[in-house]
Amino acid sequence: MRLVIGKTESSEAGFRDPRLSSSLSLERAEQLSSQWKGTNFLGGTAKNFIDGEFRESMTDKWIEVLDPSTQTLLSKVPETTQEEFESAVEAASKAFQSWRKTSVLKRQRFALELQALIRQNMDNLANAIVLEQGKTFGAAQGAVLRGLQVVETACSIPTLLMGEKLEVSKDMDTETRKVPLGVCASIAPFNFPAMIPLWTIPMAIVTGNTLVLKPSERDPGAALMIAELCQKAGLPKGVLNIVHGTVPTVNAICNHPKIKAISFVGGNRAGQHIYDLGTKNGKRVQANMGAKNHAVIMPDANKDQALNALLGAACGAAGQRCMAISVAILVGTAQKFLPDLIERASKLKVSQGFEKGTDFGPVTTPAAKVRIEGLIASAEKEGGKILLDGRGIQVPDYPNGNFVGATIIEATTSMTCYKEEIFGPVLVVMKASTLDEAISLVNDNPYGNGSAIFTQSGPIARKFETEIEAGQIGINVPIPVPLPFFSWTGNKASFLGDINFYGKGGINFYTQTKTTTSLWRSDDAIVAGEGASLNMPTMK
Ligand code: NAD
């Protein structure tokens, strides 16, 4: 990512030089650019989406979005100005006055329409993700599907919002209802540019809130496409707004008095800052953050299944998943699996995401590549063993891509490559003599997003499940992300806040509970004398 002021020579040259772009990418970029209003993928600009309109920013600060496989300039993202940000919050605030009163059936109808439109446009969204983020097409489709599942869950909003009622005394009832908060904000990371906006857009909106979303400045295309789909699904203007940028926009969100709640997903540095500033300003904040997820491989594991699952979870999406398995603990004789693991990893194909047979694509930026390679080098210096080295790989036809090959390092807990979230296709391998030793090792790690075990033994699985502290546990499942009728339940240093994303947590995060206690004395009952209507009663 580069922050540039105005137009630059490099960006013009970057786009015009066809050698920098692959023909597969160019074809998809042309297709997308002709169809969508909010952004284009041929060197144009990403628009703000304010009050139902895609508006060109007046800023003089632009951030370049480069194809991570080629460095071709795809688009430029504005650092949304303070004035534009204010108008987005104003639009959301105005829209809230009517949207909060819209019937739950209308909000459900919106979710139903949106899910159909996302399903129809799944490949378009996946194309945008491959271009801007670098995933393989299959991984991008999977990520859209995981976001779509949140929209599908939001379609049950009438049931999800139901309150409670009890006659607490003669003729006196107390009832609860969940009411919206107001204007909410969502701040998204680069690694799931459709899925994470879809964690918050449907949940915030069907509960009656309005939303200001800030996508990652590295890949805003999919979020802008989703905004257009929301519009097509009949969402009134101002209910969803999109602004762009970096720290100044994020700080504006945290400081704005009209914003009542912030959903953040991203790294720990930003998450801690947003949590501190947002809560200091009286906002409700949920922050899903970084991770170091361990898999424990027991000697009785189904070896083939465990090794494939391990590699998929470590290297899939180039390791840029907060639920990636980044540490494998081989217990006892499972250590014999290591040569096979290395051999399988060495066969993974790294290339551009549209290329057939690609297992994983590039990492997000040249800087990310340098950082990942630096962490691999640190292991060498600190006494670790590089068992498979993905540094410096050459990918045919893509000399300019940010590629890092699959890497396996034998390390200990004191090494930097173990302590830091690498966020690349790098698996740290450790050895333990017993299950107890492995469990202590996992629990000593400050993060708590997820952890998995591979075993054929029920009692071992049960012990693991009971004793592991991490919030999302997989038993023979490498990436145990719950479907969205449950909530995301990362914990420890992977989460700040009290209420989880989506599922029942999502409903609770985006609503506050009101109770009403009423007294209608039965002695006061009078019989109303209305005429009969024979029509089927309908609600709107
Ligand atoms: P990031 O923290 O760099 O950026 C996330 C968002 O915060 C972006 O919109 C960015 O503009 C903003 N931001 C960045 N630095 C900031 C700062 N100093 N102050 C204020 N705002 C700032 O994260 P990323 O690199 O885009 O995403 C990768 C990280 O996200 C990884 O750590 C990954 O584990 C985490 N992640 C967590 C989950 C989860 O559910 N736990 C899911 C996906 C990604």
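Note that ligands are numbered from 1 as they come in the structure, with each ligand's atoms numbered from 1 the same way. The structure displayed is predicted, hence computed values, not measured ones.
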S.K.: Among all protein heavy atoms in this structure, tell me which lies nearest to atom 28 (C) of ligand 1, with the distance rounded to 0.1 Å.
M.R.: Phe423 CE2, 3.6 Å
S.K.: Taking non-hydrogen atoms only, is Ile196 closer than 4.0 angstrom to ligand 1 via side chain, backbone, both or neither?
M.R.: side chain
S.K.: Out of Ala324, Gly266, Gly290, whose heavy atom is nearest to atom 30 (O) of ligand 1?
M.R.: Gly266
S.K.: Give me the nearest non-hydrogen protein atom to atom 42 (C) of ligand 1 as residue plus atom name, then the distance to 0.1 Å.
M.R.: Cys322 SG, 3.0 Å
S.K.: So, is Lys214 polar-close to ligand 1, with some N/O to N/O distance under 3.5 Å?
M.R.: yes
S.K.: Nearest protein heavy atom to atom 34 (O) of ligand 1, by residue and atom, and its distance?
M.R.: Glu421 OE2, 2.6 Å
S.K.: Have a look at ligand 1 and work out which part of Thr364, if any, has a heavy atom under 4.0 Å from it: side chain, backbone, both or neither.
M.R.: neither
S.K.: When you look for heavy atoms under 4.0 Å from ligand 1, do you find them on the side chain of Trp488, its backbone, both, or neither?
M.R.: side chain
S.K.: Under 4.0 Å from ligand 1, counting heavy atoms only, is it the side chain of Phe501, its backbone, both or neither?
M.R.: neither
S.K.: Run the numbers for me: atoms of ligand 1, each under 4.0 Å from some heavy atom of Gly267, listed by number.
M.R.: 1 (P), 2 (O), 23 (O), 29 (C), 30 (O), 32 (O)
S.K.: One residue to check: Asn449. Relative to ligand 1, which of side chain, backbone, both or neither has a non-hydrogen atom less than 4.0 Å away?
M.R.: side chain
S.K.: Between the side chain of Gln71 and the main-chain N/O of Asn400, is any donor-acceptor distance below 3.5 Å?
M.R.: yes
S.K.: For atom 4 (O) of ligand 1, decide whether some protein heavy-atom distance is shorter than 4.0 Å.
M.R.: no
S.K.: Which of the listed options, Val247, Asn251, Asn288, holds the heavy atom that is closest to atom 17 (C) of ligand 1?
M.R.: Val247
S.K.: Out of Ser186, Ala270, Ala287, whose heavy atom is nearest to atom 15 (N) of ligand 1?
M.R.: Ala270
